[in-house]
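Written below as structure tokens is the structure these notes are about.
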Amino acid sequence: MTARILLLPGDGVGPEVVDAARRVLERASELWRLGLELESGLIGGAAMDMEGDPLPPSTVAACKAADAVLLGAVGGPRWSDPSSPVRPEQGLLRLRRDFDLFANLRPVRVFPSMVDRAPLRADLLSDVDILFVRELTGGIYFGARQEDDGSGEAHDTMTYRTSEVERIARVAFEAARRRRHRVTSVDKANVLASMRLWRRTIDRVAADYPEIGLEHVLVDACAMYLMQRPSGFDVVLAPNCFGDILSDEAATLAGSLGMLPSASIGHGNFGVYEPIHGSAPDIAGRGVANPTAAILSAALLLRHSLGRDDVARGIEEAVKASFASGLRTADVAGPNGRICSTDEFTGSVLDLLE
Ligand code: NAD
Ligand code: IPM
Ligand code: MN
């Protein structure tokens, strides 16, 4: 087997955690003879600096030539002037939209050795196994937008079409079939018209999946239930914006934003894999970022785009064993833990890979 993987490190801690994931992919490629060919490209602020465009044509072409993309993070204070018409985040949004990556899968699990690191009580965390299915190419992120042009008014529009809701609902129900047969659909149908269309459409799709239990939960209450009874969730199906927010909230269950990976996929095998966290400007450049989210994203890449569940599991087990050995980056170290660097943690994962 050979496969072409494009690395898009981006900004802030992006290059640090993508480098960690690259080392893991290279080792996995040797151990399992995967024949992975790794290349790098520009996205986000780094691409704006070099090419004046957060998603330059050369990067789009490299994505088209690749089987999958591993991305770090984009954005940072250097490019955050609210009056600037070009922003790093636009590169990421265009990538998702242009490649029709409408489904963002964000699995949330708690490693047994980490239950004491989360702010929630350990007894609430032991059985947590949630899959967020976040709609990624619609909703308020992509609806009609008007910047304030001096009139003192700006707007964003939350738009959903039935077909967009249907296809993401099918991703969620299919996933639930392979899991614990429950879907929690999140909306704000008590206020928003687009969310009433969302709920009606989900109900219609649910009729094709009589063996799956479906509950509708309003997003504000969902934010509370996630902290109150996190192990009660199986698949959580959410519109773009709510899925973004709730999955960051759920990162507290796993101990840190640095723990959670994601897969952005569409109809084919191609996908973009990235940590759910951002460029973490507050810790960038110091070699202390938690590389777990990026390494686990590489595992998702192998599973979803390359069909290598066996290798993905090998990587996930090596990460789990590294935490079990007591290694902790600063974000999950706790008051008395010994703190290791990005490099040390990655070295342990490499040593434990088999
Ligand atoms: P952030 O996710 O970058 O950071 C939030 C907090 O989590 C910070 O305290 C940070 O230090 C910590 N954190 C994040 N990743 C970590 C890691 N791997 N290890 C240890 N700690 C980690 O969110 P923010 O500060 O709100 O956003 C910063 C920039 O990142 C913004 O420009 C935003 O637009 C961008 N962003 C990009 C993506 C992406 O590229 N997918 C995602 C989210 C935010
Ligand atoms: C994420 C990020 C992005 C989003 C931003 C950077 C556009 O927060 O991937 O979760 O909101 O989707
Ligand atoms: Mn986010």
Side-chain angles (χ1 to χ4, degrees), residues 1-9 13-40 66-73 104-114 129-131 178 251 254-265 269-277 289-329 331-332 340-354:
M1 129 181 211
T2 62
R4 299 178 73 166
I5 296 173
L6 178 68
L7 307 174
L8 297 178
V13 296
E16 301 169 43
V17 299
V18 166
D19 191 61
R22 175 190 58 74
R23 289 166 65 197
V24 172
L25 282 169
E26 281 173 351
R27 178 66 60 85
S29 186
E30 279 164 31
L31 287 172
W32 279 273
R33 297 174 193 283
L34 302 176
L36 300 183
E37 291 168 19
L38 306 179
E39 277 175 69
S40 293
D67 294 296
V69 174
L70 184 75
L71 193 144
N104 185 224
L105 311 181
R106 299 187 160 189
V108 180
R109 280 192 204 96
V110 185
F111 292 121
S113 57
M114 293 284 289
D129 181 0
I130 307 174
L131 178 67
R178 298 187 294 271
S256 162
L257 262 184
M259 299 292 293
L260 297 191
S262 84
S264 302
I265 56 179
N269 290 334
F270 178 80
V272 172
Y273 299 81
E274 54 169 324
I276 82 160
H277 65 73
N290 187 343
T292 302
I295 293 171
L296 294 178
S297 296
L300 293 181
L301 181 158
L302 290 161
R303 176 174 293 127
H304 289 282
S305 283
L306 306 186
R308 294 301 301 254
D309 184 60
D310 55 334
V311 186
R313 274 172 198 271
I315 293 172
E316 289 160 353
E317 286 303 318
V319 172
K320 187 176 170 186
S322 295
F323 282 115
S325 78
L327 274 184
R328 302 278 186 274
T329 45
D331 55 321
V332 286
C340 76
S341 66
T342 308
D343 253 15
E344 277 176 273
F345 191 86
T346 307
S348 161
V349 174
L350 292 175
D351 288 343
L352 293 166
L353 255 194
E354 54 189 282

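Model, not experiment: these values are computed from the prediction.
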The reported gap from CG in Leu70 to CZ in Arg22 (rounded to nearest 0.5 angstrom) is 11.0 Å
Give, for atom CD1 of Ile295 and atom CZ of Phe345, the distance between the pair rounded to the nearest 0.5 Å.
6.5 Å
Heavy-atom pair of closest approach, residues Ala3 and Asp67
CA-OD2, 3.3 Å
Is any side-chain heavy atom of Leu260 closer than 4.5 Å to a side-chain heavy atom of His277?
no
Please report the C-alpha distance between Lys320 and Glu316 in whole Å, then the side-chain angles of each, then the deciding distance to 0.1 Å, and finally whether the salt bridge (Lys or Arg N to Asp or Glu O under 4.0 Å) criterion is met.
CA-CA 6 Å; Lys320 187 176 170 186; Glu316 289 160 353; over 6 Å; no
Do Arg109 and Met259 touch side chain to side chain, with heavy atoms closer than 4.5 Å?
no
Closest non-hydrogen atoms of Val332 and Ser256, given as atom of the first, atom of the second and distance, are CG1-CB, 3.6 Å
Has the side chain of Ser322 got a donor or acceptor atom that lies under 3.5 Å from a matching backbone atom of Ala318?
yes
Which atom of Gly314 lies closest to which atom of Leu353, heavy atoms considered:
O-CD2, 3.7 Å
Within-4.5 Å side-chain heavy-atom neighbours: Leu306 and Val311
no
Pairwise distance CZ(Arg106) to CG(Leu300) - rounded to 0.5 angstrom
11.5 Å
Whether Ser297 side chain and Glu274 backbone form a donor-acceptor pair below 3.5 Å:
yes
Please report the interatomic distance CD1(Ile315) to CD(Glu354), rounded to the nearest 0.5 Å.
12.5 Å
NZ/NE/NH1/NH2 to OD/OE distance under 4.0 Å, Asp19 and Arg23:
no
OG of Ser29 to CZ of Arg308: how many Å apart, nearest 0.5 Å?
10.0 Å
Output the distance between atom OG (Ser40) and atom CG (Leu8), rounded to the nearest 0.5 Å.
8.0 Å
Between Leu350 and Val24, does the side-chain contact (heavy atoms from CB on, under 4.5 Å) criterion hold? Intermediate values first, please.
CA-CA 6 Å; Leu350 292 175; Val24 172; 4.1 Å; yes
Of all heavy-atom pairs between Pro261 and Ile276, which one has the smallest distance, and what is that distance?
O-CG2, 3.6 Å
Distance-only side-chain donor-acceptor flag, Asn269 / Ser305, under 3.5 Å:
no
If we ignore hydrogens and angles and just use 3.5 Å, is the side chain of Thr342 paired with the main-chain N or O of Ala289 as donor and acceptor?
yes
Ring geometry between Tyr273 and His304 (parallel below 30°, tilted from 30 to 60°, perpendicular above 60°):
parallel
Determine the minimum heavy-atom distance between Asn104 and Ser262, stating which atoms define it.
ND2-OG, 3.3 Å
Can you tell me if Ser341 and Asp343 form a side-chain donor-acceptor pair at under 3.5 Å?
no
Treating Arg4 as the side-chain partner and Leu36 as the backbone partner, does any N or O pair qualify as donor plus acceptor under 3.5 Å?
no
Tightest non-hydrogen contact, residues Val17 and Asn290, listed as CG1-O, 3.7 Å
State, yes or no, whether a side-chain contact exists between Leu34 and Leu302 at a heavy-atom distance under 4.5 Å.
yes
